[in-house]
Amino acid sequence: TLNPINKVSLNLNLSYMNKVVDKGFVYMRYRDPNDNMKKVDTIDIAGNRIPNSPDLIANVRINYDDDRLYVSLLGTYVSKQFTDNFDTNLLGLLNKYPKMVEYTDNVVPDYFVMNLDLKYKFNLERVGMITLFGRVNNLLNRLYAPHGIGKEFFPAAERNFFAGIE
């Protein structure tokens, strides 16, 4: 945490994880186009990245906080990830086993989103201390999918917000 200006703080977080399958196989049943015989092949997935595990996640947050007002802006970057165990090998495997899966895209693209948090405290006569708060998620209204499974991609919510009183 850095405090470059009075009441302002800056937080940075970076996480790099190179998560790969140490040892693993997928057994593929297929019909050989040369002799029309049913066969089983072994696909080695060792060294492939683990599905839905981005290599890089980075966060940066800037806060302003005094006794009455709190404002926080959070930016999050998530690198690309894969929806299955086939990593970058999917298209090559589909050339060899055309009916292996029903999809040709297994990449969840990288994305960047921002969220904004606000709080304001004040004293209301006969009631006491009141806090108004709110949050805007996906401030830039980005369309993105944070993860997927196989051919299914799960989109995140568009810009949304909530507010309340304490």
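Quantities reported herein were computed from a predicted structural model and do not represent experimental measurements.
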Check: S72 main-chain N/O paired with N63 side-chain donor or acceptor under 3.5 Å: no

List the atom of F154, the atom of I149, and the distance in Å for their closest heavy-atom pair.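 Shortest heavy-atom contact: CE1-N, 3.8 Å.
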
Can you confirm whether R142 sits close enough to Y111 that some side-chain heavy atom of one is under 4.5 Å from a side-chain heavy atom of the other? no

Is there a side-chain contact between F112 and M114 in this structure, where contact means two heavy atoms from C-beta onward sitting under 4.5 Å apart?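 In short, these two side chains touch, coming nearer than 4.5 Å.
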
Joint cluster assignment, V78 & V113, ILVMFWY side-chain distance < 4.5 Å: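 Per the 4.5 Å side-chain linkage, V78 and V113 are co-clustered.
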
Heavy-atom count check: over 12 atoms from other residues, nucleotides or ligands less than 6.0 Å from [X] [atom1]?
X    : atom1 : value
M129 : CE    : yes
F161 : CZ    : no
L14  : CG    : yes

Can you sort out the partners of D35 under side-chain hydrogen bond (donor to acceptor under 3.5 Å, both in side chains), two or more places apart, ordered by chain and number? K39

Side-chain H-bond candidate by donor/acceptor type, N137 with R135, under 3.5 Å: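 Yes.
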
Distance only, no hydrogens: is a donor on one side chain within 3.5 Å (strictly under) of an acceptor on the other, for N138 and Y144? no

Test of understanding: with salt bridge (Lys or Arg N to Asp or Glu O under 4.0 Å), list the residues that count as partners of K96, not counting sequence neighbours. D41

Between Y97 and Y30, ring centroids under 6.0 Å: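 Yes.
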
Show me the donor-acceptor pairs within less than 3.5 Å that the side chains of residues 42-57 make with the rest of the protein, sequence neighbours left out.
residue	atom	partner	partner atom	Å
D44	OD1	A46	N	2.9
N48	OD1	N89	ND2	3.3
N48	ND2	N85	O	2.8
R49	NE	D87	OD2	3.2
R49	NH2	D87	OD1	3.1
N52	OD1	G148	N	3.0
N52	ND2	G148	O	2.7
S53	OG	P51	O	3.4

